[in-house]
Number of protein chains: 2
Amino acid sequence: MSKIKESSTNFANKQALMEECSEVYAANIIGGQWALVICSWLLNGKLRFGELKKLLPTITERMLTLQLRKLEENKIVKRTVYAEVPPRVDYELTEIGYDLGPVIKLLEKWGEKHKSL
Amino acid sequence: MSKIKESSTNFANKQALMEECSEVYAANIIGGQWALVICSWLLNGKLRFGELKKLLPTITERMLTLQLRKLEENKIVKRTVYAEVPPRVDYELTEIGYDLGPVIKLLEKWGEKHKSL
DNA sequence: TAGGGTACTATAAAAAATGTAAGTAATGTC
DNA sequence: GACATTACTTACATTTTTTATAGTACCCTA
């Protein structure tokens with residue numbers, strides 16, 4: 001996370017690949033240590049920051065924030081802030097976020113099969 | 001690529017997630033800058049090292065080697081060496097490698113849709 | 001004997017991702 | 001007035017991934 005260096009070869013390679021291959025594009029969006037698990041949980045409905053934190057006991061707050069921000073930028077989750085004190089924020093999948101359901105399920109199935117090799 | 005530090009928190013987190021979530025497990029296997037594209041190409045049939053290199057003009061030989069090795073370790077591709085000079089090696093998907101077809105296709109479809117937002 | 005082709009390997013460095021630790025703001029409760 | 005609550009932010013350190021560059025071995029051809 002942090003900023004990407006637009007001058008790096010890595011950046012250029014990624015860009016090129018993402019343009020040509022939608023799978024790579026998709027993989028880049030849902031890539032990242034925690035993104036998939038977060039989406040998995042959110043498939044069951046909206047959750048608060050703190051609830052996610054509890055579900056992912058080993059994630060740091062920084063990482064959770066970063067991943068949620070990235071998902072938000074990519075329009076996979078919608079962030080709702082309630083003007084309360086203490087603060088309350090919840091996260092919910094967008095339509096295309098929910099569309100990840102089948103993708104995740106298929107990945108999961110493939111993973112299961114692979115594990116059993 | 002290179003060795004993973006088994007003492008790092010990162011390693012512990014990955015392990016735990018992969019055990020619990022097969023999607024994450026799968027994502028880790030096909031993750032990495034080039035793995036998915038390589039698999040995509042191989043879905044059409046076996047290819048030689050040099051052919052892959054030509055198909056991925058910007059990949060470095062080192063990266064291609066690393067990714068192929070990782071895929072091989074994970075039993076996604078099969079490596080065949082012919083005792084010739086100059087050397088000839090080809091790479092072909094295994095059965096479970098070919099099973100990635102639908103996964104990739106679904107990812108691709110989702111990516112397309114997401115792009116058009 | 002020099003050069004070409006093939007599939008690599010070694011080493012270093014740059015870039016990106018992840019983790020650690022501490023702090024912030026606003027309000028209600030003790 | 002001290003403290004708890006919640007969802008963060010910031011600065012910094014470490015780990016992991018990716019790129020850069022230069023070799024290697026082998027035989028064949030010119």
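In what follows, chains are A, B, ... by sequence order, proteins preceding strands, each numbered from 1. Values below: all heavy atoms of this structure, side chains included; hydrogens, waters and symmetry mates excluded.
Residues meeting the side chain to side chain donor-acceptor pair (under 3.5 Å) test with Lys113(A), sequence neighbours left out: Asp99(B). Evaluation of the ring-ring contact (aromatic ring centres under 6.0 Å, His included) rule for Tyr25(B) yields His114(A) as partners, not counting sequence neighbours. Applying the side chain to side chain contact (heavy atoms under 4.5 Å, CB included) test to Tyr98(A) and every residue at least two apart in sequence or in another chain returns Leu43(A), Glu92(A), Leu93(A). For Glu84(B), the salt bridge (charged side-chain N to carboxylate O under 4.0 Å, His left out) partners two or more places apart in sequence, or in a different chain, are Arg88(B). Considering only residues two or more places apart in sequence or on other chains, Ala26(B) meets the side chain to side chain contact (heavy atoms under 4.5 Å, CB included) condition with Leu107(A), Trp110(A). Residues satisfying the side chain to side chain donor-acceptor pair (under 3.5 Å) criterion with Asn10(B), sequence neighbours excluded, are absent altogether. Here Thr80(B) pairs with nothing under the side chain to side chain donor-acceptor pair (under 3.5 Å) rule; sequence neighbours left out.
Side-chain atoms of Arg79(B) lie closest to dA7(C) of the nucleotides dA7(C), dT16(D), dT9(D).
Residue Arg48(B) places at least one side-chain N or O closer than 4.0 Å to OP1 or OP2 of dA7(C). Not one side-chain nitrogen or oxygen of Gln67(B) sits closer than 4.0 Å to the OP1 or OP2 atom of dT17(D). Contact annotation: Ser8(B) side-chain N/O to dG19(C) OP1/OP2 distance is not under 4.0 Å. Remark: Asn13(B) is not in phosphate contact with dT18(C), judged by side-chain N or O atoms under 4.0 Å from OP1 or OP2.
If you find the closest nucleotide of DNA chain C to Lys14(B) and to Ser7(A), the one lying nearer the 5' end belongs to Ser7(A).
For the pair Leu68(A) CG and dA7(D) P, the computed distance is 11 Å after rounding to whole Å. Separating the CZ atom of Phe11(A) from the C1' atom of dT19(D) is a distance of 16 Å, rounded to the nearest angstrom. Going from atom CG of Asn10(A) over to atom P of dT17(D) covers 13 Å, rounded to whole Å. For the pair Ile59(A) CD1 and dT18(C) C1', the interatomic distance rounds to 10 Å; values are reported in whole Å. dA25(C) atom C1' lies 15 Å from atom CD of Glu84(A), rounded to whole Å. Residue Arg88(A) contributes atom CZ, which lies 13 Å from atom C1' of dA7(D) at whole-angstrom precision. Atom-to-atom, CG of Asn28(A) to C1' of dT17(D) comes out at 13 Å; the value is rounded to the nearest Å. One atom, CZ of Phe49(A), and another, P of dA7(D), lie 7 Å apart when rounded to the nearest Å.
Of the residues listed (Leu64(B), Leu52(B), Thr65(B)), the one engaging Ile59(B) in a side chain to side chain contact (heavy atoms under 4.5 Å, CB included) is Leu64(B), and it is the only one.
Applying a 4.0 Å cut-off to non-hydrogen atoms, the residues of residues 33-45 of chain A that approach DNA chain C are Gln33(A), Trp34(A), listed by residue number.
In Lys115(B), the NZ atom is crowded: over 12 heavy atoms of neighbouring residues, nucleotides or ligands sit closer than 6.0 Å. Annotation for Glu95(A): atom CD does not count as buried by contact number, only 12 or fewer foreign heavy atoms lying within 6.0 Å.
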- Task: If a protein heavy atom is under 4.0 Å from the base, mark B; if only from the sugar-phosphate, S; if neither, -; do that for nucleotides 20-30 of chain D going 5' to 3'.
- Result: B-----BS---
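Contact annotation for Tyr91(A): backbone-only contact, meaning every heavy-atom pair under 4.0 Å involves sugar-phosphate atoms and none involves a base.
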